[in-house]
Undergrad: 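Okay, here's the structure, questions in a sec.
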Amino acid sequence: MANIAHEMKAIYVISYRELRKFIREKSRIMGTMARPILWLFVVGGGMSRLVRPVGGINYIQFIFPGMIGMTILFASIFSAISIVWDREFGFLKEILVAPISRFSVVVGKAMAGTSISMLQVLILLIFVPVLGIKINALQFLLLLISSGMLAFSLTCFGILVASRMSSYEGFNIIMNFLVMPMFFLSGAMYPVKLMPPVLREIAYANPLTYGVDGLKNILLAGASGTTMGPEYPAIVDFAVVAGFLAVTAVLSNLSFRRAA
Amino acid sequence: MSNITVNSLVRKFGPVTAVDGISFNVEPGEVFGFLGPNGAGKSTTISILCTLLAPTSGTASVGGFDCVRDADAVRRSIGIIFQDPTLDNGLTAYENLLFHAYLYGLDRTKAKKRIDDALSLVGLDGRKNELVRKFSGGMKRRLEIARGILNYPKVLFMDEPTIGLDPQTRNLIWEFIAELKKNTGITVFMTTHYLEEAEFCDRIAIIDLGRIIVSGTPGELKAGLQGDTLKLSAADPKGLEAEIREKFGMEPKVTDGGITLTVKQGDEILPALIRGLSTKIIAVSMTSPTLNDVFLSLTGKNIREEGSDPYGPMRSYARKNHGGH
């Protein structure tokens, strides 16, 4: 039992470290929050003059779930990539020689990415009333659960990628060939069913599509059945994200164990 | 029982054999030094002993635990100071140590007490809540030592603990090690390619190309050499040589402007020579053998003094310019 308490302590301190650093660097918080706010009000504000409201939903409201998804995506992948930084700056060795299991290291990192993501999601949710979206306590709770699951799975996905990266030179490749396409092809900016066929197929294979759609099911429930509304039943979104979480949780552990 | 036991240890990286069948023991309370040039296999050996690397063949145990089968028990019994800094620059000194304490399963109260003790041992108690980013190289090293002893390890590993530090900080670090050894009876295993540092060790092993060439106390190793070198300058080297040969029965070598002589007890023979010789001597000098001489006589080459890791400068550049993570 003492051993489990020890592993829990390790998981706690590994995630605490990242959260502590995130909160300490005010510029980092500002920087990460600037992105969704720019998208929301600059892109969304401009586009809402081109796109007519459908089902009582205007374009800014439409992209809001996508902005939460984007925030989670960036925060999670960034947090996971810190493994590469840790390796480059030697700190990973300090973790690897400690008497804790590799499993706890991965869980600690995944919890770090999840909590940093959730912190940013909470900040974004301040805009819910500003945007004229109404949610009740249950919806708020569901929003936190869906965001948490998505954040955890995307951080595990990031760990899977980061374990295979030997240096941070690969970082731009990851950003341009993985993170950005995942974002654009997730239905965050435009409905998946309106995409050209090839892109639509890719979007169907993108787990973030279901994460974002799940958020739409909570935030844009009123527009169900219209082009602006959610595209799949909530249960499908939940099942796909849960499946993605299970797969990435296992694979990130295997991959980190091999790399470490 | 020995604290470190290594038997016919081999580690290959593809076609390269980094460690080529080494065996040695380190007794409790000993400061044991691994001396050798870069690429000799020192860091590979440390990595195996710290359970970061599996051996290709042979066995290694630390604190009585096998480094492969009982890796977790080994990890609990050791502290490590790596060659390159492994601190988080974005955390304070205290946070770095707290992180370590939790990884080693200490509870909060115990951790706080030990952190304060460790910080005051290395003289960083006033800097507890400062970000490590603002620390100098020497301060970082001291903090790493504080961290290394936080879990009260049986064996402390130090891979090139003083590399890149100024002489003053180097001495300071040696004082810490001496104090630590006196107060806790800790076993220290260190690697170095600074010859003068190897002299601080109780025992050293000289390693080159993955093999231990010789091991023993620094005194024993030096005693294995011919002895001290005496140089006598004279206006008439030939005459001096003849006189020494005749009066003392020794075989000096004639060099430019004098002679050189290798003798066992230079400090006793030199005064006797000067008293007994009638040839006019202009200057005398005596050099005792250094570990470099030992190394030179065994391997036929000098230990390179600097230029450790070819990526070192690049990494420290990156570290400086990107700060934290």
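In what follows, every chain begins at residue 1, and chains take the letters A, B, ... in the order their sequences are listed.
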Undergrad: Using heavy-atom distances under 4.5 Å, tell me whether I80(B) contacts chain A through its side chain, its backbone, both, or neither.
TA: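 Side chain only.
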Undergrad: Between L103(B) and A10(A), which heavy-atom pair has the shortest distance, and what is it?
TA: CD2-CB, 3.9 Å
Undergrad: What part of F82(B) lies closer than 4.5 angstrom to a heavy atom of chain A: side chain, backbone, both or neither?
TA: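 Interface part for F82(B): side chain.
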Undergrad: For K9(A), is there an ion pair with D107(B) - N to carboxylate O distance below 4.0 angstrom?
TA: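 No, no charged N to carboxylate O under 4.0 Å.
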Undergrad: In terms of heavy-atom pairs under 4.5 Å with chain B, which of R102(A), E18(A), M8(A) leads?
TA: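 Result: the option with the highest number of such pairs is R102(A).
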Undergrad: Determine which residues belonging to residues 122-130 of chain B lie within contact range of chain A, meaning some heavy atom pair is under 4.5 Å apart, and list them by number or answer 'none'.
TA: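 The residues closer than 4.5 Å to chain A amount to none at all.
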Undergrad: Salt-bridge test for R24(A) and E95(B): reply yes if a basic N is under 4.0 Å from a carboxylate O, no otherwise.
TA: yes
Undergrad: Between I14(A) and chain B, which part of the residue has a heavy atom less than 4.5 Å away: side chain, backbone, both or neither?
TA: both
Undergrad: Hey, could you give me the CD1/CD distance between I81(B) and E94(A), rounded to the nearest 0.5 Å?
TA: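 Reported value, rounded in 0.5 Å steps: 11.0 Å.
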Undergrad: Which heavy atom in H6(A) sits nearest to a heavy atom in G105(B), and how many Å separate them?
TA: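 Smallest heavy-atom distance, with atoms named: NE2-N, 3.3 Å.
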Undergrad: Should the heavy atoms of other residues, nucleotides or ligands under 6.0 Å from CZ of F238(A) be counted, would the total exceed 12?
TA: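 Not more than 12 within 6.0 Å, no.
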Undergrad: Taking CE in M182(A) as the centre, count heavy atoms belonging to other residues, nucleotides or ligands within less than 6.0 Å. Is the count above 12?
TA: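 Buried by this count: over 12 neighbours within 6.0 Å.
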Undergrad: Chain B heavy atoms under 4.5 Å from L92(A): which part of the residue, side chain, backbone, both or neither?
TA: neither
Undergrad: Quick check on L52(B) against chain A: is it the side chain, the backbone, both or neither that has a heavy atom closer than 4.5 Å?
TA: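 It is the side chain, since no backbone atom gets that close.
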Undergrad: Give a yes or no answer on whether the side chain of H100(B) reaches the backbone of A98(A) with a donor-acceptor pair at less than 3.5 Å.
TA: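 Flag not set: sc H100(B) to bb A98(A) has no pair under 3.5 Å.
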Undergrad: Would you please indicate if the ring centroids of F91(A) and F99(B) are separated by under 6.0 Å?
TA: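 Yes.
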Undergrad: Measure the NZ-CG distance between K93(A) and D159(B) for me, rounded to the nearest 0.5 Å.
TA: 7.5 Å
Undergrad: Is the number of heavy atoms from other residues, nucleotides or ligands within 6.0 Å of CZ (F103(A)) greater than 12?
TA: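 Count not over threshold, so no.
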Undergrad: Can you tell me which portion of S47(B) sits under 4.5 Å from chain A's heavy atoms? Options are side chain, backbone, both or neither.
TA: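 It is neither, since no heavy atom gets under 4.5 Å.
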Undergrad: I'd like to verify something: which residue of I100(A), V13(A), L96(A) has the highest number of heavy-atom pairs under 4.5 Å with chain B?
TA: V13(A)
Undergrad: Tell me, yes or no, whether the heavy-atom count around R35(A) atom CZ, taken from other residues, nucleotides or ligands under 6.0 Å, exceeds 12.
TA: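 Yes, because the 6.0 Å sphere around CZ of R35(A) holds more than 12 heavy atoms from other groups.
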Undergrad: Below 4.5 Å from any heavy atom of chain A, which atoms of L106(B) appear? Answer side chain, backbone, both or neither.
TA: backbone
Undergrad: Output the distance between atom CG (D84(B)) and atom CZ (F89(A)), rounded to the nearest 0.5 Å.
TA: 12.0 Å
